[in-house]
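To start, the structure under review is shown below, and the notes come after it.
Note on naming: letters A, B, ... go to the chains in the order of the sequence lines (proteins, then strands), and numbering restarts at 1 for each one.
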Amino acid sequence: MTLKDDLSAIVGDAFAGEGLDRALGAVKVADRPDLAQFQCNGALAAAKAAKKNPREIAGAIAEKLSARSEFEEISVAGPGFINLKLSAGFLSPRVDALAADRRFGGWAKPAPEKIVIDYGGPNVAKPLHVGHLRAAIIGESLKRIMRFAGDKVTGDVHLGDWGLQMGQLISELRLRQPDLVYFDPEAKGPFPADPPISLADLEEMYPAASAACKADPVRADLARKATKELQSGRPGYRALWRHFVDLSVNAMKRDYADLDVEFDLWKGEADADPLIPELTEDLKSRGIIEESDGAQIIRVARDDDKKEMPPIIFINSEGAVGYHATDVATIVDRKRELDPDRILYVVDARQRLHFEQVFRAVDKAGYFDEAKLEHLWFGTMNGKDGKPFKTREGGTLKLRDFIDMVTDRARERLAESGFAEGFSAEETEAVARQVGIAALKFADLSNPRTSDYIFDLDRFMAFEGKTGPYLLYASVRVRSVVAKAQAAGAGDAGPVKLVADEETDLALTLLGFADALQDAYARRLPHLLCDHAFALAQAFSKFYAACRIVDESDASMRASRLTLAQTAGGQLDLILSLLGFSAPDRM
RNA sequence: GAUCCCGUAGCUCAGUUGGAUAGAGCGCCAGAUUCCGAAUCUGGAGGCCGCAGGUUCGAAUCCUGCCGGGAUCGCCA
């Protein structure tokens, strides 16, 4: 139970006592912090329904609540708001309990689920670029949040390793080096263990092949044929494909590791491919698939659709499978291998129609309940011009270059601030990386998932205000002051005593963690957790500025403040880990 | 053309199951350090919430229309 839940239950009892719906007792953090800590607007809704004076109802509720020890002050304001201020006698033990909790008051889901989260989607042969950034950052955070809440979560990268781009690559290499053994139609293998080209070759070939196919229909036809042959199992092509995948995956793993993003599964579209003949058979026999213009399609339109809903192309007129079919087959594969309760897709907003089609199709086929499939779409990361982020030359920026850029800036800033004074080169480098990643990830996560946002390197590298480094700084300061207290023999942490406003505010903020986590979980919106992390760091900074700790003369106050500081630091570090980054020990 | 997302302070953005005086960060102005880390803290200025109607005791939030920006719309993913 979160603090708001508990308060809502108490106020709800009072409403029930008046013969009203207890749901009217919903309590929220006050809009007017100058007047109250929490408020309940239920009297307004009750008055509307009962056609009574809201202030009268509110007065009756307030009267009932005044007997409760949880509140220090209850008042009715404006048209009928019930304003609440909690008593220190109620708050202190709750903070003590939170301080003793290894989860720092974190919410736990009552009925955990088994979940698959798909948040990669990189294409083989294509280096990771900034377009992959948001999926990786948001998906990693959601995975960690859900795991912490109690779910059993499997993260899958879901490689794009089976579509037309593979045929484009194979045909490109064939044009360049037709004598390779892989292109001998008679060759059955075994083929060489070492790849015929380097990663750099592969990364150069992809855009070249893609552009050539776009420009020339004859060239595009070669790619389509190669795709079909690969998917039909031509040995040389399969061997080549394996090389391409291995080269790419090695590079991807390094890039994701630099972002502290970790996948449990490295499956791809190709892993779902073996299921397709069987599924096609099944769908045909049940009349779910039909033929149209030489392609095998599934109609997913519904009578009450407002928009045009095209069918999915399960098998195209060439006989090749596209991403509609592999996405359907992947769901079936996951169902068989992992039997998840729910599958989540962290993929950008432009795929909304696609996922709606796929979800409808699998539901229609009876493979998976549409309601348990969620497309957690996100907006675009734009440059300062408001258009999708590009390099100065207009190309896509590789993720690796992007991370380097951010780390370089962090290193500079570290040097200017003198925070890494006397650190070894290794530690300085490690701290620069942590600061850079924190800046990058927090900048992304603190925007709501669904909105586009402008990525302004100068802005979030300023390291002031609502930024990742601000959170790191707060965390490091907690560590520092606690260490100083220990060194000075300030004694142990002890029961919390809330005297100063800054202490009470920090306590209330700490207790708000459960609600923030629950909201972030329920709406799949990590920025709600970012808001809490920032509020916590701010509350700590204010407390720190106002309340002495190490040299406080009163031993019990010192013990209380040590508890508050340690708990704030502990909860902050926990939240940082849920967001997907961490603070250094010192900086 | 249809559908979807968006339009809030100088800038970047929260807030949209209807409620008090619309918030934050940056920037700007004015302050705080003989004391635990000033990447900090305190105070201030700054808003016809795109426009016009409507519903309501009450609208940034719900409904309708319009203006402006973006995305998507059967065989590429």
Side-chain angles (χ1 to χ4, degrees), chain A residues 30-32 34-35 39 41 44-45 47-48 54 77-81 83 121 123 160 162-165 167-168 210 213-214 220 223-224 227 269 292-297 299 305-318 320 322-324 326-327 348-354 357 377 379-380 382 384 386-388 413-414 416-417 419 435 446-448 450-456 459-460 462-467 469-470 472-474 476-477 480-485 487-488 490 527-528 531 534-535 537-538 541-542 544-552 561 565 586-587:
Chain A
D31 292 332
R32 294 281 305 274
D34 52 320
L35 299 178
Q39 70 183 70
N41 298 347
L44 292 152
K48 195 171 197 170
F81 302 107
N83 284 335
N123 283 332
W162 204 236
L164 183 66
Q165 82 270 20
Q168 290 176 340
S210 172
C213 292
K214 212 170 180 178
R224 267 197 296 275
T227 307
E269 294 170 338
S292 169
D293 297 331
Q296 307 294 316
I297 65 163
R299 296 198 188 278
D305 282 339
K306 276 192 195 146
K307 62 193 167 205
E308 213 177 314
M309 183 62 60
I312 72 171
I313 309 291
F314 203 77
I315 310 247
N316 73 16
S317 47
E318 290 285 323
Y323 81 148
H324 283 124
T326 51
D327 276 356
D348 84 275
R350 288 173 302 191
Q351 305 288 335
R352 289 181 77 177
L353 177 62
H354 167 70
Q357 291 174 285
W377 53 274
T380 325
N382 292 328
K384 276 192 199 176
K387 291 180 180 155
R413 192 67 183 89
L414 221 44
E416 288 165 22
S417 68
F419 274 12
V435 169
S446 58
N447 288 287
T450 52
S451 19
D452 297 341
Y453 76 100
I454 292 182
F455 182 91
D456 178 347
R459 184 162 62 85
F460 76 76
F463 295 172
E464 269 132 26
K466 195 175 178 182
T467 64
Y470 173 86
L472 264 39
Y473 178 67
V476 169
R477 270 206 306 186
S480 168
V481 72
V482 169
K484 285 224 164 78
H527 84 277
L528 299 173
D531 288 347
F534 182 62
Q538 261 186 329
S541 287
K542 290 177 188 187
Y544 183 85
C547 301
R548 304 297 303 172
I549 301 170
V550 177
D551 51 13
E552 162 61 44
R561 287 173 181 172
R586 56 172 195 161
M587 67 178 192

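Closest approach of A:Glu464 and A:Thr467 over heavy atoms only: O-CG2, 3.2 Å. For the residue pair A:Gly465 and A:Tyr470, the shortest heavy atom distance occurs at O-CB, 3.2 Å.
In this entry the distance linking CG of A:Asn123 with C1' of B:A77 reads 7 Å, nearest Å. One can place NZ of A:Lys542 at 9 Å from P of B:A24, the figure rounded to the nearest angstrom. Between the NZ atom of A:Lys387 and the C1' atom of B:G69 there is a distance of 11 Å, given to the nearest Å.
Here B:C13 is the nucleotide among B:G74, B:C13, B:A77 with the atom lying nearest to any side-chain atom of A:Pro448. Taking every side-chain heavy atom of A:Phe534 into account, B:G25 is the closest of B:U40, B:G25, B:G37.
Along RNA chain B, the nucleotide nearest to A:Ala545 and the one nearest to A:Leu528 differ in position, and the one closer to the 5' end is contacted by A:Leu528. Residues A:Arg350 and A:Leu35 each lie close to RNA chain B; by heavy-atom proximity, the contact nearer the 5' end of the strand is made by A:Leu35.
B:A77 and B:G23: their P atoms are spaced 50 Å apart (whole Å). Nucleotides B:A59 and B:G54 are separated by 12 Å at their P atoms, to the nearest Å. When the C1' atom is used for both B:A2 and B:A20, the distance is 42 Å, rounded to whole Å. Remark: the separation of the P atoms in B:A24 and B:C62 is 23 Å, to the nearest Å.
A donor and an acceptor atom sit less than 3.5 Å apart, one in the side chain of A:Gln39 and one in the base of B:A20. With hydrogens and angles left out, the side chain of A:Asp452 and the base of B:A71 share no donor-acceptor pair within 3.5 Å.
Aromatic stacking is marked for A:Phe81 over B:A20, as both cut-offs hold: 5.5 Å for the centres and 30° for the planes.
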